[in-house]
Colleague: 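Just dropping this structure here.
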Amino acid sequence: MPESTIAETADAGLEAEAGPAGVVAEAVRQALAHVLESEELRSSPQLSNILRFVVEATLDGRSEAIKGYTIAVEALGRDASFDPQADPIVRVEATRLRRALERYYAGAGAGDEIEIVVPRGSYVPQFLRRGAAASVPGAEPGPEADAAIADEPPAAIPAGGPASPARRPPPVAVARHGAGWRAAVLGLAVLAVLVVLAGLAIEGGDPVGWRALLSGAAWQPIQRANRLGIPMIEVRDFDSTGGIPLPPSELASSAGAVSSGDFTAQAIEVRVRDALARFDLLDVLASPDARPALRCSAEGTSPHSVFALGGLVENHDDGSISVLLRLSDLCDGTIVWSREFDSLRRGGDASASEVALVRDIMAAIAEPYGIIQSRARARVTAAGGPEAAGPYGCVLTAYSYWRSYVPAEHDAARACLERAVAADSTFALGYALLAELYLDEVRAGANPQPGPPAPARALTAAEQAVELAPTSAYARRVLMDVHFFRGERAATIAAGEAALELNPYDVDVLADFGGRLVALGEIARGEAMLAKAAQAAPGMPPWVDYHRVVAAYLKGDGPAAAAAADQLMGEGYAPGLLARALASHLVGEDEAARADVRKLVALAPAWVSEPDVMIRHFFPDPAIARKVRADLAAVGLPLRNSAAAAN
C-alpha cells in the first residue's frame with residue numbers, strides 16, 4: 001500500500017474531532033505497549049526503537065516522514081550523513097522486526113485485539129483488527145457505519161491463531177461520510193495493489209519487464225559507491241531438499257520451504273544475512289541491484305572485492321540436517337570457500353541452535369581472520385597494496401600490525417587512520433581502530449606520542465566511534481577495552497554486554513569480553529566465554545591465548561597456564577611476555593620468567609618507570625593486582641617497596 005494511502009487510512013481512524021477516534025489511538029498505543037513488553041522485543045532496543053518511532057509517527061499524522069533515512073537517524077541514532085543506499089541497516093532491522101512481530105502474534109500476542117503490521121515494501125505500519133467486531137473496542141457504531149471503508153466485516157481470526165497474510169482483516173479505521181470517500185479510497189487501494197505488484201516483480205528478478213515499463217527506459221543497476229573499499233557480500237536464497245513438505249497452513253509464513261521441523265532454509269538464510277550485517281568489516285548488499293559496477297579481474301586490477309554466499313539445507317530421514325554453504329568471488333567467478341555443517345539436530349531451543357550454527361559460520365567467513373578478509377587482503381596486495389585501497393587499506397594495515405606487532409606497522413596504521421578520519425569525520429570504524437592503536441602505545445610500548453596521554457586519546461576516539469555508529473558491536477567492544485585499561489569496572493562490563501547484544505555471532509567480542517571478565521575476577525563466567533569462542537574458531541589471534549593464560553594462572557592451574565603460554569611465542573607481543581612470565585613462575589620455572597620480564601621491560605619501558613600503573617592497567621581488580629605484583633617482583637620486575645605502591 002502506498003504511504004499516502006496508509007497515512008489517510010490511519011488519519012481516518014485517528015481524527016481528534018470525534019470521541020471514538022481518541023479510543024482508537026489509545027487502543028493502538030496499548031497494543032504497542034504490549035508488543036514492546038514482550039520477550040521478542042524487550043531484548044532488542046533497536047527493534048523497539050524502530051517500532052515505537054513508526055507507530056508514533058503514524059499516530060501523529062507524519063507517515064510521510066517514515067523513510068529509511070529518518071528511521072536510521074531518529075530511531076537508530078545514525079549520523080545525519082547516513083546513506084540508506086550505502087548502509088542496509090534499516091532494511092535488515094525491518095526484516096528482523098517483521099519476524100519478531102510474527103512470532104509475537106503467533107504466541108504471546110495471539111489474544112491481542114489489534115495487530116501492528118509493518119508490511120513488506122513499506123516501513124509505515126498498519127493497525128489490524130484481529131477479532132470479528134465491526135469496530136475498535138470502545139467505539140460505538142453510528143449511523144454512518146454503512147459508509148465504512150470496508151464493504152464487508154473483517155474476517156474472524158481462526159481458533160488456531162492469527163489470520164494468514166492472505167486473509168488479514170482490514171486496517172483499523174473509523175467510518176467516513178459519503179460514498180465519494182469510499183470510491184476514492186477504493187481507487188487508491190487498487191493503485192496500491194498495482195504498485196505493490198510492480199515492486200514484487202522488481203524484487204523477484206523482473207520477469208515481465210516491469211522496470212522498463214515503470215521507468216520508460218532500460219533499467220540500470222544502482223551504481224552504489226564503495227566509499228570505504230570494504231568487501232561487499234550478497235546472500236542469495238538458500239535452497240532446501242529432503243524432509244516432509246510443510247502443511248498448507250504453514251506455507252505462507254515459510255515461503256514454501258521444505259522442512260521436517262526447525263532449521264528451514266529461509267530461517268537460516270535470514271539469520272546469516274542478519275549476522276553478516278552486524279560485522280563492521282563487511283558491506284551486506286540488499287540485492288544484486290545494489291552491487292556497484294565491477295572493475296576487477298583475476299589479474300587484480302581493482303582492490304575491491306564482492307562475494308556471494310549461497311546455501312542448501314538438507315533434511316535427513318533421521319531428523320538431522322546438513323547445511324552446505326558456498327562462497328563465490330564475483331570478481332573472478334571462482335568458488336573460494338565451501339563447507340558442510342552436518343549432524344545438526346532439531347529439538348530443544350531452535351533459536352539457540354540457529355544462533356550457534358550461525359556463529360560457527362561467521363567465525364569461518366566474517367571475522368577479521370576469516371576467508372572473506374583473507375581473500376580481500378590478497379586482492380588488495382595484487383592491486384598494489386594498502387595504499388591503493390583507500391580507507392580499507394588503513395584497516396588492513398592495522399590488522400596486519402595485530403598479527404605481527406611490528407612497531408613500524410603500528411606507526412603506519414596509526415598515521416593512515418588519522419589521515420582517513422581527518423578526511424572523513426564519519427568514518428566510525430577508523431575511530432574505533434585508532435582507539436585500539438592508541439592503547440597499544442602503552443600496553444605494547446608501540447611508538448608512544450607526546451601530548452595527551454594515550455588512554456585519554458583512546459577514550460575520545462572510542463566515544464566518537466560509538467556516537468557515529470551506535471549499533472556497531474565493534475565500537476562498543478573497543479569502548480570496553482578502553483574502559484578496562486582505565487580501570488573502570490562497571491563501564492567495562494556495560495560496554496561488553498552491549499557489544500555482545502549487538503552482535504552475539506562475533507566470537508572476537510565473546511572472547512575479548514570473556515578475557516576482561518577474567519581479569520576483573522569473574523573467572524568462571526569469563527572462562528566459559530573463552531571456551532565457547534575457542535570451540536567456534538580454533539585458530540584465533542594471540543590475544544585470545546593471553547586471556548587463556550591469565551585465566552589458568554588465576555585459578556592456579558599450572559599445566560593449563562603453561563600449555564596456553566606455549567602458544568604465545570611472539571617476542572614482540574608485550575602482553576604475551578607478561579602472561580608467559582606469570583605462567584612460568586606458577587610452574588616454578590623462574591629463570592624463564594625472568595628472561596620474559598627482561599624482554600617485557602625492554603619492549604615497554606613503562607613497566608620500569610611506572611610498574612604499578614601498568615599492573616593496574618592489565619589487572620584492575622585490586623586483589624588480583626596485588627597477586628600479580630608479588631609474583632612479578634619475585635621474578636625480577638623492579639618495584640618500589642611501599643604499601644602505597646602495593647595498594
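Along the sequence shown, residues carry numbers from 1. On a predicted model such as this, the values are computed, not experimentally measured, just so you know.
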Colleague: Salt bridge or not between Glu102 and Arg98? Use side-chain N to carboxylate O under 4.0 Å.
Modeller: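 No.
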Colleague: Is a salt bridge present between Arg236 and Glu234, judged by a nitrogen-to-oxygen distance below 4.0 Å?
Modeller: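 Looking at Glu234 together with Arg236, the answer is yes, because their closest N to O distance falls below 4.0 Å.
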Colleague: Determine, using ring centers only, whether Tyr405 and Tyr401 are less than 6.0 Å apart.
Modeller: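 Judged by ring-centre distance (under 6.0 Å), Tyr401 and Tyr405 do meet the cut-off.
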Colleague: How about Leu510 and Asp506: do any of their side-chain heavy atoms sit closer than 4.5 Å?
Modeller: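 No, every pair of side-chain atoms sits at 4.5 Å or beyond.
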Colleague: Within the 4.5 Å heavy-atom criterion, are Pro231 and Val306 side-chain neighbours or not?
Modeller: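 A side-chain contact is absent here, since even the closest heavy-atom pair is not under 4.5 Å.
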Colleague: Whether Asp545 and Arg548 form a salt bridge (side-chain N of Lys/Arg under 4.0 Å from carboxylate O of Asp/Glu) is what I want to check.
Modeller: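 Yes, charged N to carboxylate O under 4.0 Å.
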Colleague: Answer whether the closest heavy-atom distance between the side chains of Leu312 and Thr241 falls below 4.5 Å.
Modeller: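 Of all side-chain heavy-atom pairs linking Thr241 with Leu312, at least one is under 4.5 Å.
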Colleague: Does some side-chain heavy atom of Ile66 sit less than 4.5 Å from a side-chain heavy atom of Ile71?
Modeller: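 Contact flag for Ile71/Ile66 side chains = yes.
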Colleague: Enumerate the residue pairs fulfilling side-chain hydrogen bond (donor to acceptor under 3.5 Å, both in side chains) with a member in residues 470-480, sequence neighbours excluded, ordered by first and then second residue.
Modeller: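 Residue pairs passing side-chain hydrogen bond (donor to acceptor under 3.5 Å, both in side chains), neighbours aside: Arg78-Thr471, Asp280-Ser472, Arg477-Asp512.
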Colleague: Within a strict 4.5 Å, meaning less than it, do heavy atoms of the Tyr369 and Ser374 side chains meet?
Modeller: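 SC-SC contact between Tyr369 and Ser374 ruled out.
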Colleague: Which residues satisfy the side chain to side chain contact (heavy atoms under 4.5 Å, CB included) test with Arg525, sequence neighbours excluded?
Modeller: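 Partners of Arg525 by the side chain to side chain contact (heavy atoms under 4.5 Å, CB included) criterion, ordered by chain and then number, come out as Glu497, Phe513, Leu517, Glu522, Met529.
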Colleague: Heavy-atom distance under 4.5 Å between the side chains of Phe307 and Arg375, does that happen here?
Modeller: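 Touching, per the 4.5 Å side-chain cut-off.
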Colleague: Not counting sequence neighbours, which residues clear ring-ring contact (aromatic ring centres under 6.0 Å, His included) with Phe53? List them please.
Modeller: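 Result, ring-ring contact (aromatic ring centres under 6.0 Å, His included) vs Phe53: none returned.
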Colleague: Ring of Tyr505, cation from Arg359 - is the NZ or CZ under 6.0 Å from the centre and inside 45° of the axis?
Modeller: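 No, cation not above the ring by the 6.0 Å, 45° rule.
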Colleague: With a 6.0 Å cut-off on ring centres, are Tyr546 and Trp543 close enough?
Modeller: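 Aromatic pair excluded; centres sit 6.0 Å or further apart.
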Colleague: Any side-chain heavy-atom pair from Arg379 and Pro303 closer than 4.5 angstrom?
Modeller: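 Side chain of Arg379 against side chain of Pro303, heavy atoms only: no contact under 4.5 Å found.
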Colleague: Flag the pair Arg96 and Asp274 as a salt bridge only when some basic side-chain nitrogen lies within less than 4.0 angstrom of an acidic carboxylate oxygen.
Modeller: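 Salt bridge: yes.
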Colleague: Would you mind reporting whether Tyr105 and Val35 have side-chain heavy atoms less than 4.5 Å apart?
Modeller: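 Contact flag for Val35/Tyr105 side chains = yes.
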